Amino acid sequence: MDQAQEKSDGGGGVPAWVMTFADLMTLLMCFFVLLLAFSEMDVLKFKQLSGSMKNAFGVQAEIEVKSIPKGTSVVTREFSPGRPDPTALKQVKQFTIDSNQNTLDLLDRKSKEVEETQKHAKRLRLALQEEIANGSVAVETEGMKVIIRILEKASFESGQADVRPAFAPVLLKIGSMIDTNSGEITVSGHTDNIPIYNERFRSNWDLSTSRAVSVTHELLKTASADEGRFMVTGHADTRPRADNDSAENRAKNRRVDISIIRGGDIDDVTEQSVDAPVVSKLTIGVANDE
């Protein structure tokens with residue numbers, strides 16, 4: 001009776017096909033693991049996907065890559081806190097600060113000023129091409145600054161601070177091209193390292209400053225810029241362009257530099273971008289229960 005009942009039950013244990021099924025599943029798992037190991041992530045498509053998700057979820061502020069995250073969740077990290085104001089349209093509006101807007105405006109302003117500086121220098125070179133050709137004047141640019149270098153050989157007598165009458169028209173021409181768009185105008189005198197001492201000049205400091213003052217007086221006769229924008233300095237032999245080891249190099253150091261800065265209010269714009277950031281509105285589609 002027991003033997004017949006055991007035969008009818010088919011015996012104990014799992015069916016024989018289970019082992020084959022388990023081997024097949026193990027092989028499939030190994031196959032997909034190998035596929036994953038050999039796969040490569042498309043960074044461009046990943047960035048496009050993340051950007052689409054960011055726009056879809058309505059991220060309200062631009063977060064710099066170098067900024068420290070303020071939370072661990074997406075909502076805390078991407079949304080800045082603000083005071084929601086109820087409106088008649090049953091929407092919640094939040095005021096946010098775009099920290100990058102003024103910075104971008106400032107960079108765009110600086111690039112335009114640099115371009116204007118290059119144009120201003122080009123106009124000066126065309127007007128002074130004869131003086132540049134004979135080596136009495138040179139025009140250079142440094143960022144938003146135009147530098148006009150006036151060498152001694154054509155503008156001053158040796159050891160004197162009075163502008164030569166023949167060179168005065170050149171300074172009048174330069175002064176007429178200093179417009180109201182210019183910022184600070186610095187006129188600086190320079191000498192070589194040979195000391196000077198006479199009844200009029202006690203040292204090269206006196207000589208360099210007196211030459212800068214003489215040039216400034218000539219520029220003010222035709223310059224349309226306000227006198228408050230001019231600054232006169234004398235550097236003696238402290239800022240040479242070349243080593244004072246030969247007569248040629250010493251001649252390069254005896255000069256008067258006229259530095260014209262374009263966009264003098266750039267610093268004011270910088271302070272404004274820090275102290276008074278741009279405030280913008282963000283409308284979030286949340287209904288107001290009131």
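Nothing fancy with the numbering, it's 1 onward along the sequence. The shown structure was predicted, so the numbers you read here are calculated from the model rather than taken from an experiment. Any value given below was found using the heavy atoms of this structure, including those in side chains, with hydrogens, waters and symmetry copies removed.
Once rounded to the nearest 0.5 Å, the distance linking OH of Y197 with OG of S203 reads 10.0 Å. Atom NE2 of H235 and atom CG of N204 lie 13.5 Å apart (nearest 0.5 Å). Going from atom CD of Q160 over to atom OG of S155 covers 12.5 Å, rounded to the nearest 0.5 Å. Summarising the geometry, atom CZ belonging to R255 is positioned 9.5 Å from atom CZ belonging to R239; distances are rounded to the nearest 0.5 Å. Note that CG of L124 and CD of Q129 are 12.0 Å apart. Values are rounded to the nearest 0.5 Å. To the nearest 0.5 Å, atom CD1 of residue I260 and atom OG1 of residue T117 are 10.0 Å apart.
For the salt bridge (charged side-chain N to carboxylate O under 4.0 Å, His left out) test, residues two or more places apart in sequence or in another chain that qualify with R241 are E140.
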Evaluate the side chain to side chain contact (heavy atoms under 4.5 Å, CB included) criterion for residues I147 and V139: first the C-alpha distance (whole Å), next the side-chain angles of each, then the deciding distance (0.1 Å), finally the verdict. CA-CA 6 Å; I147 303 176; V139 179; over 6 Å; no

Applying side chain to side chain contact (heavy atoms under 4.5 Å, CB included), run through L128 and E131 and close with a yes or a no. CA-CA 5 Å; L128 303 172; E131 289 76 15; 4.0 Å; yes

Could you give me the CA-CA distance, side-chain angles and deciding distance for F201 and N198, then say whether side chain to side chain contact (heavy atoms under 4.5 Å, CB included) is met? CA-CA 5 Å; F201 305 113; N198 52 36; 3.7 Å; yes

Please output the side-chain donor-acceptor pairs of residues 161-174 that fall under 3.5 Å, not counting sequence neighbours, one pair per line with the distance.
residue: R164; atom: NE; partner: E157; partner atom: OE2; Å: 3.3
residue: R164; atom: NH1; partner: K153; partner atom: O; Å: 2.9
residue: R164; atom: NH2; partner: E157; partner atom: OE1; Å: 3.4
residue: K173; atom: NZ; partner: A127; partner atom: O; Å: 3.3

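Using modelled atom types, one side-chain atom of D206 and one backbone atom of R202 make a donor-acceptor pair closer than 3.5 Å. Although no hydrogens or angles enter the test, the distance criterion places no donor-acceptor pair under 3.5 Å between the side chain of H217 and the main chain of A212. In this structure, D192 contributes its side chain and I194 its backbone to a donor-acceptor pair below 3.5 Å.
Between the side chains of N244 and N253, at least one donor N or O lies within less than 3.5 Å of an accepting N or O. Using modelled atom types, one finds a donor on one side chain and an acceptor on the other under 3.5 Å when comparing S136 with N134.
Hydrophobic clustering places L220 together with V215 (ILVMFWY residues linked when any side-chain heavy atoms are closer than 4.5 Å, directly or through intermediates). Residues V137 and M177 share a single hydrophobic cluster, defined by chaining ILVMFWY side chains whose heavy atoms lie under 4.5 Å apart. Under the 4.5 Å side-chain heavy-atom criterion for Ile, Leu, Val, Met, Phe, Trp and Tyr, W17 and L24 are members of the same hydrophobic cluster.
Taking both residues in full, the closest heavy atoms of A236 and W205 are given as CB-CD2, 3.7 Å, listed atom of the first, atom of the second, then distance. Of all heavy-atom pairs between T141 and A121, the closest is CG2-CB, 3.3 Å. Closest of all the heavy-atom pairs between T222 and S176 is OG1-N, 3.2 Å. Heavy-atom minimum distance, R125 versus I132: CA-CD1, 3.8 Å. Considering every non-hydrogen atom in both F156 and S214, the closest pair reads CE2-CB, 4.5 Å.
I258 pairs in a side chain to side chain contact (heavy atoms under 4.5 Å, CB included) with only one of the listed residues (V146, T216, I185), which is I185.
Side-chain contact between V256 and H190 is absent, with no heavy-atom pair separated by less than 4.5 Å. Between D257 and I148, the closest side-chain pair of non-hydrogen atoms is not below 4.5 Å. Contact check for M25 versus L28: side-chain heavy atoms found under the 4.5 Å cut-off.
Surrounding CE of M19 are at most 12 heavy atoms belonging to other residues, nucleotides or ligands under 6.0 Å away.
K112 has no carboxylate O lying under 4.0 Å from a charged side-chain N of E115, or vice versa, which leaves the two without a salt bridge.
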